[in-house]
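These notes concern the structure reproduced below.
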Amino acid sequence: MKPLAILLGLIGLAQACVCQAQSLAIVHAKAWTGTGASAVEDATIVVRNGKIVSIAPGAAAPAGLDVVDAAGKVVTPGFFSGATQIGLMEVSSAEDTADESVTSGKLGAAFDVAPALNSNSLLVEQARSDGILWALSYPSGSANAPFLGQAALLRLQEGQILDRAKAAVFARIGGGAASNAGGSRAAEWTLLRRALDEAKMLKAERLPPAEDRLFSRIDLEALQPIIGGLTPLAIQTDRSSDIREALKLKRDYQLKLVLVGAVEAWTVADEIARDRVPVILDPAADLPISYDAIGARLDNAAILDRAGVALGITTTANMIDTNYNVGESSRMAAGIAVANGLPYASAIRALTEGPAAIWGASDKAGSIAPGRLADLIVWDGDPLEPSSAPIVTIVGGRTVSTLTREQQLARRYSPSTDKTWPPAYH
Amino acid sequence: MIKRIRYRSTPLLLLLMLAAAPPGRGDRDRRHDDRPAPVPTSAYDSRYRPLPRIDTLIVNANILDGAGGRIDGGWVLVRDGKIVASGPGAPTQGAPVTIDAKGRWLTPGLIDIHSHDGTFVAPLTANDSEYSDVSEVSSPNSAGTWVEHSINVQDPSFKRALESGVTTLQILPGSIPLIGGRSVVLKNVPANDVTGMKFPGAAQGVKMSCGDNARAFFGSKGGAPNSRMGAMKMFREIFSRARAGRSEGKPPPPDNMDAQTIDGILSGDLRVHIHCYRADDMTNMLNLAKEFGFHITAFHHATEAYKIPARLNEDGTCVAVWADWWGFKSEAGDAIRANAAFVDASGGCVALHSDSPYMGQHLNIEAAKAMASGKRAGVAIAPERALRWVTSNPARILGLDDRIGSIAVGKNADLVVWSGNPFSVYSHAEQVFIDGALVFDRSNPARQPKSDFEVGRQPR
């Protein structure tokens, strides 16, 4: 045992050395802390060993730290996509490059996307370059309705992006998904309730034999943290009636429920608030694009916020935005919400502490506060304008490169690049 | 594709399929000959009439004129639906109605050069994944179809676009067929049928498609084409037949609608819009046009236009692009965000398009993003120039730049008063005029049209 202890000590020392590089101070920042509070003007943010130590207006930077002078620019926590599939796909139209769903086999709730995560994906690189440093990547389909599978919590560090697997179980309910349950959303709800009942039977060690069950043991094992109220059950659904049904389910089973999509949530805002259910939504989803979304409107986020509902942002209206441009489109969606009545600080919170709290990561991510990981962005303008971009991106107290393949291609073909030799030489 | 259809929500999937699926320069787009059009088409002519209007003077406006100009604190006088005067400072003439813009921004109405509104109709249902009105996919040559015959004017997307400052749209057939059929140009006014929206006198376009879509769709059914070279062979056979008929002085058979459209391409009556992503594909199509003597007005999507700006300029072909869509299919893998800015800086003609009823509500933000991306990549383009991407450049592609797309004397009074900087996500189109009629007014519920579909459906 002793050699191991010594070894651990050495490792600790080695980390401490690295940690020196994970300390810095940002000065003269207009800091939106992510908590829903107003900006801290002329903020000094001190980071040591990869974590935020303090934030205070007008404070001097401690001696000996590298200093990033924000020169009055906006600093935010790294943004948090409330629901995306980055890390799980490359070319979505090519199945062999896409791991976000399964259509056959035995897995339902047990379909856990975490082992498929690819930190080298260009979609991850692009998201990081556009200001996303945290995300929940969720499965988009399993073989067992109404479950989609288990989502993974991501921190977009270079090299390793999985923060926590099995951060939530996702289910989808609605007209578009009903065919997987035989053709009726009523069947989807019955299946979901039955799955929770069988999961409880498993917990009580009274699981009936396989022929008397609808769900397999592996799926029921995946639901154990759900029935315990430890892990969120995320229900992706849009229609008012389904949202009400979800709230009823939460009360009946004492679940930690998260609504995702929730286009008609504004119609039941008070009930959602009363049940303390958070909502991950796309504020730009304003079209009655399906019969489940007849009530789509641009002030869904504003109405929910006024009712006291905690919000996170996903971008599903233009489907490509969910993944390929998740950073830009999340900020644009938040900006559209502000343009339609959501207070600015609430919009920032919906991109930071909001989803961090919803997915159980607010002790380390989503706010500029002592003890949180120093995952921070200095912006070249208002981050809710999609035309703005990060100028300094800090992960764990270290400045990281945000150079993308897309930017490297642009350099090759820039009008100012000498074309005597083909771009392949540049 | 089957996998996605079963397990993703159908409407969202279909949105992506549009991009995965579907859809010039003025002086080169004249008719090449004086033969009469092969089939009289007046039966389908526009019955558009301007909505009630009052001569109006707009003062104290920051004007981005859509042609690259800018007047801070200017005025515009509208009479009988036309712009009759404008300038800086105090107006020299009056009108029955004066609108004080109070320093807000005034632009031409936005033009969406690539829309599927009215054919990809909200709400979508499971039926739309089986068959839809976006394009006729029973054959790779659907040249004889006219997308106007698919349009449902009650698509709520038209109204959302209007609320976002879009006054003119080109509706294109989808990009599954090699030749998808004829497009239609619409004024974004509420009407009870499509003839009430058709832009009077606008030339029809024709939609063609290259690259992945046709080969994937027809190839997966065991049909042809199933390769790019197979597609080119089909194109060359189709155009060879049409050329042979023309060289013999024979008009196309009156009962062959496909042949009539091909003849219309060769005669220059139809403006040619081609869905292409890769530089290789665009070059193939430019070469095809050279072989058969027609002109390609614009490539749509054109994610690799930045790789071949000189060739595009040489052939006088415009591009209609997104600001930032990339990667969702292999042929979109090399999309760059500076595409629009690079093409513009190379002297090319570029427009931004939507291809999506959601993005069709944010064309101004597309311009903002593309402008910012250009600047980051070393090509700074001023806002007044970038606005051309959604106004005068698409007008030119439609061959309507003598009527719309800019604030200039004699142009149609298609105007938008914005609540703030039109390149800001926080700005709304406050007032929208089409031919001088105030067709949308954010502060007046009586001037906020709603589609019949939305009547009596608001959930409670």
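Within every chain, numbering begins at 1; the chains are lettered A, B, ... in the order of the sequence lines, protein sequences first and strands thereafter.
- With chain B as partner, the option from A:Ile336, A:Leu287, A:Leu122 having the largest number of non-hydrogen pairs under 4.5 angstrom is A:Leu287.
- At a 4.5 Å heavy-atom cutoff, the contact between B:Ala335 and chain A is made by backbone atoms alone.
- With rounding to the nearest 0.5 angstrom, the CG atom of B:Asp355 is 9.5 Å from the CG atom of A:Asn318.
- Heavy-atom distances place the side chain of B:Phe453, and not its backbone, under 4.5 Å from chain A.
- Rounded to the nearest 0.5 Å, atoms CD1 (B:Ile336) and CZ (A:Arg411) are 12.0 Å apart.
- Rounding to the nearest 0.5 angstrom, the gap separating the CG atom in A:Asp382 from the OG atom in B:Ser424 is 7.5 Å.
- At a 4.5 Å heavy-atom cutoff, the contact between A:Ala296 and chain B is made by backbone atoms alone.
- Of the atoms belonging to A:Glu385, heavy atoms from both backbone and side chain fall under 4.5 Å from chain B.
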Where do B:Trp326 and A:Leu123 land on the side chain to side chain contact (heavy atoms under 4.5 Å, CB included) test, with the steps shown first?
CA-CA 10 Å; B:Trp326 70 283; A:Leu123 284 75; 3.9 Å; yes
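- Side-chain contact between A:Leu384 and B:Tyr426 is present, with heavy atoms from C-beta onward closer than 4.5 Å.
- With respect to the salt-bridge test (charged N to carboxylate O, under 4.0 angstrom), the residues A:Asp130 and B:Arg337 qualify.
- Ranked by heavy-atom pairs under 4.5 Å with chain B, the list A:Arg239, A:Glu264, A:Arg405, A:Glu328 is led by A:Glu328.
- Heavy atoms of A:Gln236 lying under 4.5 Å from chain B are absent altogether.
- Separating the CD atom in B:Glu304 from the CG atom in A:Leu409 is a distance of 8.5 Å, to the nearest 0.5 Å.
- Here the side chains of B:Phe342 and A:Ser414 are in contact, with some heavy-atom distance below 4.5 Å.
- Between chain A and the residues B:Gln361, B:Arg376, B:Arg457, B:Glu454, the most heavy-atom pairs under 4.5 angstrom are made by B:Arg376.
- In this structure, no portion of A:Arg412 lies under 4.5 Å from any heavy atom of chain B.
- Between the side chains of B:Tyr358 and A:Asp321, no donor-acceptor pair of N or O atoms lies under 3.5 Å.
- Across all non-hydrogen atoms, the minimal contact from B:Ala122 to A:Pro288 is CB-O, 3.4 Å.
- When the candidates A:Gly175, A:Gly295, A:Pro415, A:Ser240 are compared by the number of heavy-atom contacts under 4.5 Å with chain B, A:Pro415 comes out ahead.
- Although no hydrogens or angles enter the test, the distance criterion places no donor-acceptor pair under 3.5 Å between the side chain of A:Ser290 and the main chain of B:Pro123.
- A donor-acceptor contact shorter than 3.5 Å links the side chain of A:Asn325 to the backbone of B:Asp324.
- For chain A, the nearby parts of B:Asp334 are the backbone and the side chain; heavy atoms of each come within less than 4.5 Å.
- At least one side-chain heavy atom of B:Gln458 sits less than 4.5 Å from a side-chain heavy atom of A:Arg297.
- Residue contact with chain B, scored on non-hydrogen atoms closer than 4.5 Å, involves the side chain of A:Gln126 exclusively.
- Distance check, rounded to the nearest 0.5 Å: NZ of B:Lys369 to OG of A:Ser329 gives 7.5 Å.
- From A:Asp380, atom CG reaches atom NZ of B:Lys375 across 8.5 Å, with rounding to the nearest 0.5 Å.
- Formation of a donor-acceptor pair under 3.5 Å by the B:Arg160 side chain with backbone atoms of A:Asp286 is found in this model.
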